[in-house]
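Below is one structure; the comments refer to it alone.
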Amino acid sequence: MPRQNGHTYQALVAAPGFCIGVRCDEHEIHALEYLEPCAEVLPKNALATEAVRQLRAYFADAGFSFALPLRPSGTAFQRRVWEQIATIPNHQTRTYGELAKALHNAPRAVGQACGANPFPLVVPCHRVIATGGGLGGFARRGGGFMLDVKRWLLAHEAC
């Protein structure tokens, strides 16, 4: 199985300027991870095959809606944040402050929960931006490669 960043992936999917590593078993997606550009690796099981199909469908059509079985993870608060993020419609964004207000919590806590999201794209944390339209962070990083990915995703969705 392919390994990168110390993880074993059941598939690697090339995207414009980045790659997505799929970690799963036969029943649940464990994580989707943004990686530096790399060669694709064919899926190693049926669920990885379906994840690759859905990821490619999203890259072809930003309006695509994911339907993948996700392994329960995170704290109760993180799950609440991810549930809120999952309700953000395609082609729209919300600020960390808006989510924090809806959850009766602090924007920083929302940002930390966004950074811990193991299922980016399916739980579209890229749609959460800073007040005033700034990007904020992405995947626990404040700059560089990951913000380039966030910029591409927002442009792809015409946000």
Side-chain angles (χ1 to χ4, degrees), residues 1-94 96 99 102-103 105 109-128 136-142 144-154 156-157 159:
M1 302 234 191
R3 290 183 62 81
Q4 279 202 309
N5 298 343
H7 295 291
T8 300
Y9 298 100
Q10 284 65 51
L12 294 173
V13 182
F18 59 100
C19 200
I20 296 182
V22 177
R23 293 194 298 133
C24 65
D25 58 28
E26 290 287 341
H27 308 287
E28 296 173 315
I29 301 292
H30 300 189
L32 299 172
E33 298 173 1
Y34 294 114
L35 305 169
E36 296 279 345
C38 62
E40 287 196 328
V41 174
L42 294 175
K44 303 298 181 203
N45 64 38
L47 182 54
T49 299
E50 180 58 17
V52 168
R53 185 192 72 75
Q54 290 190 33
L55 288 165
R56 287 185 177 146
Y58 168 80
F59 293 134
D61 175 9
F64 178 81
S65 295
F66 289 94
L68 292 169
L70 306 177
R71 172 176 274 181
S73 63
T75 66
F77 175 71
Q78 288 171 333
R79 288 190 305 271
R80 286 180 46 227
V81 171
W82 301 336
E83 288 168 6
Q84 284 289 311
I85 292 169
T87 68
I88 301 171
N90 277 339
H91 313 295
Q92 294 185 26
T93 60
R94 299 289 182 272
Y96 295 101
L99 290 179
L103 293 164
N105 213 297
V110 169
Q112 290 171 340
C114 286
N117 174 12
F119 311 112
L121 290 182
V122 176
V123 177
C125 54
H126 61 276
R127 294 180 189 154
V128 183
F138 193 52
R140 294 187 174 157
R141 296 196 185 108
F145 166 72
M146 291 306 296
L147 280 186
D148 290 341
V149 172
K150 186 172 184 172
R151 277 186 202 92
W152 186 88
L153 294 168
L154 291 171
H156 178 60
E157 294 185 3
C159 289

Under the rule for salt bridge (charged side-chain N to carboxylate O under 4.0 Å, His left out), what residues qualify as partners of [X], not counting sequence neighbours?
{"X": "R80", "result": "none"}
{"X": "E83", "result": "none"}
{"X": "R127", "result": "E157"}
{"X": "R79", "result": "none"}

Quick one: does any side-chain atom of E50 pair with a main-chain N or O of L68 as donor and acceptor, under 3.5 Å?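 Checking the backbone N and O of L68 against the side chain of E50, no donor-acceptor pair under 3.5 Å is found.
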
Please check this pair: side chain of K150 against backbone of V128, looking for a donor-acceptor N/O pair closer than 3.5 Å.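 Such a contact is found between K150 side chain and V128 backbone.
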
Residues in side-chain contact (heavy atoms from CB on, under 4.5 Å) contact with [X], at least two apart in sequence or another chain:
{"X": "A14", "result": "E40"}
{"X": "S73", "result": "W82, P118, F119"}
{"X": "P16", "result": "W152"}
{"X": "T87", "result": "none"}

Contact check, side chains of L32 and V22, non-hydrogen atoms, under 4.5 Å: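 A side-chain contact under 4.5 Å exists here.
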
Where is the tightest heavy-atom contact between [X] and [Y], given as atom of each residue plus distance?
{"X": "C19", "Y": "C38", "result": "SG-SG, 2.6 Å"}
{"X": "F77", "Y": "A109", "result": "CE2-O, 3.5 Å"}
{"X": "V123", "Y": "N117", "result": "O-ND2, 2.7 Å"}
{"X": "Q92", "Y": "I88", "result": "O-CG2, 3.4 Å"}

For H91, check side-chain hydrogen bond (donor to acceptor under 3.5 Å, both in side chains) against everything at least two apart and list the hits.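 With sequence neighbours excluded, H91 shows a side-chain hydrogen bond (donor to acceptor under 3.5 Å, both in side chains) to no residue whatsoever.
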
Can you list the residues that meet the side-chain hydrogen bond (donor to acceptor under 3.5 Å, both in side chains) rule with D61, with sequence neighbours excluded?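 Listed in chain order: nothing, the list is empty.
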
Just how far is it from atom [atom1] of [X] to atom [atom2] of [Y], taken to the nearest 0.5 Å?
{"X": "L121", "Y": "Y34", "atom1": "CG", "atom2": "OH", "value": "3.5 Å"}
{"X": "I85", "Y": "C125", "atom1": "CD1", "atom2": "SG", "value": "6.0 Å"}
{"X": "L35", "Y": "F145", "atom1": "CG", "atom2": "CZ", "value": "7.0 Å"}

Which residue pairs satisfy the salt bridge (Lys or Arg N to Asp or Glu O under 4.0 Å) criterion with at least one member in residues 20-30, sequence neighbours excluded?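 Checked against salt bridge (Lys or Arg N to Asp or Glu O under 4.0 Å) - neighbours excluded - the pairs reaching residues 20-30 are R23-E33, D25-R71, E28-R71.
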
What pairs with Y58 under ring pair (Phe, Tyr, Trp, His ring centres under 6.0 Å), at least two apart in sequence or on another chain?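 In terms of ring pair (Phe, Tyr, Trp, His ring centres under 6.0 Å), with neighbours along the sequence ignored, Y58 is linked to F66, H156.
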
